[in-house]
Number of protein chains: 2
Amino acid sequence: MVTDPPVKLTPVSYVVLGLLAQDGPSTPYELKAAVGRSIGNFWSFPHTQLYTEPERLAAAGLVREKQEATGRRRRTFTITAAGRRALQAWLGEPASFSRELRDLGLLKLFFGGLVDPEAVRALAAEQEKAHLRKLEDFEALEREGRTDGDAHRRSVLRMGLLYERAAARFWAEVAAGALPEPDVER
Amino acid sequence: MVTDPPVKLTPVSYVVLGLLAQDGPSTPYELKAAVGRSIGNFWSFPHTQLYTEPERLAAAGLVREKQEATGRRRRTFTITAAGRRALQAWLGEPASFSRELRDLGLLKLFFGGLVDPEAVRALAAEQEKAHLRKLEDFEALEREGRTDGDAHRRSVLRMGLLYERAAARFWAEVAAGALPEPDVER
DNA sequence: CCTATCATGTAATCCGTTACATGATTAT
DNA sequence: ATAATCATGTAACGGATTACATGATAGG
């Protein structure tokens, strides 16, 4: 049994491994589509990574690559037994606490003291609208059942929905209050 | 007027510029502390960036560096007029929609179909607890008023609080339902 | 046929992260 | 004094992003 060179497995690695495990052999383009429909909604990365990452994983023996000999010469990637082991190992260990809310709107709000109140209000209005739009997307997805995947996948979309709902309400408050004094008697 | 080499300004750049603008001249360590107390709660990055990023900004003429001649030889960074202009320009333009929920727990849940239900329940329990803990932190901060900064800074912490609350509830549902069938008659 | 867009990548760059390290300060 | 931890960095690496590019397919 040959030992492949070790690679650091990143979240993207597990996205690829997981999708290959759940959906079966896929081309990068199919991965891209699957991501866009699901994870991409709350954890995005450029499509190029879905071309390069499987390559990395192939070098590590965690996926196998097969390329069409003709036409588009598509590359189809398949998860290997070693890949499944790595994925299961990761899924098995505790996730601990690791979440980032990387929101440029919030970042700007954080520095709201540096601009005039009108600008803050504009920001809040814009953000509220954006989150409402996203919220509607999610609600439509849920309603129409146009979500693919199992219950867990849908569950994740639901968390996205809950977040958008909270965010929209939050920004509405900011837009209304402009300067939200904390619990001053209104 | 000399034109400095252009640099790409990243979110971290604006964090540094913003903190220097709001809190005045600071050392990297002070920046680190300020971040840890506030933004770090929802957008974290390693302390080393708060040493290297001001350097980059200095090279671009957006901040000025002054170093102690003795002792620790601390470096203190001050925002320049050009720096303020860059910051204001960024604050002025629309933030559009850009938010990432990079949560490893959610990622694992997404692939919950690949493990046994018991593992999912364990994940959910663990995550709920973690979010509750964080929630308590935020609530304590809000209650005790130990938050520093102006209303906007506190406002951002409040969004963090809302998120943790939603997340905790979400994970509780997942832990209870294990397999959340969407809107099956309970 | 021509045009749009779909599909599929390569290459270069660089920011973010990890690993490492050491002098100053404070506590015991 | 000594240990602990506070404070302050440097250097290297590589994954993530950006920019660019081109062949296939479908629609008009």
Side-chain angles (χ1 to χ4, degrees), chain A residues 4-17 25-37 39-40 42-60 62-63 65-77 86 90 96 98 100 102 104 107, chain B residues 5-17 25-37 39-40 42-60 62-63 65-77 90 96 98 100 102 104 107:
Chain A
D4 290 292
V7 284
K8 200 198 331 181
L9 296 181
T10 69
V12 189
S13 311
Y14 293 114
V15 168
V16 170
L17 289 175
S26 312
T27 68
Y29 189 73
E30 288 166 339
L31 290 175
K32 177 191 157 202
V35 164
R37 235 176 296 120
I39 317 232
F42 73 98
W43 191 325
S44 70
F45 32 80
H47 74 105
T48 52
Q49 259 194 294
L50 298 174
Y51 287 85
T52 54
E53 184 64 25
E55 248 171 47
R56 277 185 68 230
L57 297 176
L62 302 180
V63 307
E65 176 178 353
K66 200 186 290 181
Q67 189 168 32
E68 291 179 347
T70 106
R72 293 211 163 187
R73 298 185 53 78
R74 287 190 195 85
R75 294 181 296 168
T76 299
F77 293 91
W90 175 71
S96 82
S98 103
E100 303 277 331
R102 305 198 164 182
L104 285 182
L107 194 52
Chain B
V7 284
K8 202 201 325 184
L9 295 182
T10 69
V12 190
S13 311
Y14 293 114
V15 168
V16 170
L17 288 175
S26 313
T27 68
Y29 189 73
E30 287 166 339
L31 290 175
K32 177 191 157 203
V35 165
R37 237 176 294 122
I39 319 230
F42 73 99
W43 191 324
S44 69
F45 31 79
H47 73 106
T48 52
Q49 259 194 294
L50 298 173
Y51 285 84
T52 55
E53 184 64 24
E55 247 170 49
R56 276 186 69 229
L57 297 176
L62 302 180
V63 307
E65 176 178 354
K66 200 186 290 181
Q67 189 168 32
E68 291 179 345
T70 106
R72 292 213 163 185
R73 300 183 53 79
R74 288 191 195 85
R75 294 182 296 169
T76 299
F77 294 91
W90 176 71
S96 83
S98 102
E100 304 276 330
R102 305 198 166 183
L104 286 182
L107 193 52

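A note on names: the letters A, B, ... follow the listed sequences, proteins ahead of strands, and every chain is numbered from 1. A quick note: this is a predicted structure, and the numbers were derived from the prediction, not measured.
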Atom pairs, protein N/O to nucleotides 18-21 of chain D N/O, distance under 3.5 Å:
residue, atom, partner, partner atom, Å
D:dT18, O4, A:Thr48, OG1, 3.3

>> I want to verify a distance call: between C:dG16, C:dT17, D:dT17, whose nearest atom is closest to the B:Glu53 side chain?
In response: C:dG16
>> Can you measure B:Arg56 atom CZ to D:dT10 atom P for me and round it to whole angstrom units?
In response: 16 Å
> Is A:Glu55 touching bases, backbone alone, or none of the nucleic acid, heavy atoms closer than 4.0 Å?
Replying inline: sugar-phosphate
> What are the two closest heavy atoms between B:Ser13 and B:Glu53, and how far apart are they?
Replying inline: OG-OE2, 2.7 Å
>> Distance check, rounded to the nearest 0.5 Å: A:Trp90 atom CH2 versus B:Leu107 atom CG?
In response: 4.0 Å
> Is the distance from OP1 or OP2 of D:dT8 to the nearest side-chain N or O of B:Arg74 less than 4.0 Å?
Replying inline: yes
> Can you check the A:Glu65 CD to C:dT8 C1' distance for me, whole Å?
Replying inline: 13 Å
> Whole Å only: how far is the OH atom of B:Tyr51 from the P atom of D:dC6?
Replying inline: 13 Å
> Is any side-chain N or O of A:Gln49 closer than 4.0 Å to OP1 or OP2 of D:dT17?
Replying inline: yes
>> Let's see if you can work this out: which of C:dC6, C:dG9, D:dG15 has an atom nearest to the side-chain heavy atoms of A:Tyr29?
In response: C:dC6
> Which nucleotide in the set D:dT8, C:dT8, C:dG9 lies at the smallest distance from any side-chain heavy atom of A:Thr27?
Replying inline: C:dT8
> Would you say the side-chain atoms of B:Arg56 pair up with the backbone N or O of B:Lys8, donor to acceptor, closer than 3.5 Å?
Replying inline: yes
> Under the 3.5 angstrom rule, does the side chain of A:Glu65 hit a backbone N or O of A:Glu55 as a donor-acceptor pair?
Replying inline: no
> Does A:Thr10 make a side-chain N or O approach to OP1 or OP2 of D:dA16 shorter than 4.0 Å?
Replying inline: yes
> Any donor-acceptor pair under 3.5 Å linking the side chain of B:Glu100 with the backbone of A:Glu100?
Replying inline: no
>> Could you tell me how far apart B:Leu50 (CG) and D:dT8 (P) are, to the nearest whole angstrom?
In response: 12 Å
> Under a 4.5 Å cut-off applied to non-hydrogen side-chain atoms, are B:Trp43 and B:Val12 in contact?
Replying inline: no
> How long is the line joining OH of B:Tyr14 and P of C:dG16, in whole Å?
Replying inline: 12 Å
> Looking at residues at least two apart in the chain, or sitting in another chain, which of them share a ring pair (Phe, Tyr, Trp, His ring centres under 6.0 Å) with A:Phe42?
Replying inline: none
>> If you only use heavy atoms from C-beta on, which nucleotide in C:dG16, C:dG9, D:dT17 is closest to the side chain of A:Phe45?
In response: D:dT17
>> Going by side chain to side chain contact (heavy atoms under 4.5 Å, CB included), A:Lys32 matches just one of A:Thr48, A:Leu50, A:Thr27. Which one?
In response: A:Leu50
>> Evaluate A:Val35 against A:Phe45 for side-chain contact (heavy atoms from CB on, under 4.5 Å), listing each step before the verdict.
In response: CA-CA 9 Å; A:Val35 164; A:Phe45 32 80; 4.1 Å; yes
> Hey, what bend do you get for the helix from C:dC1-D:dG28 to C:dT28-D:dA1 if you fit axes on five pairs at each end, rounded to 10°?
Replying inline: 30°
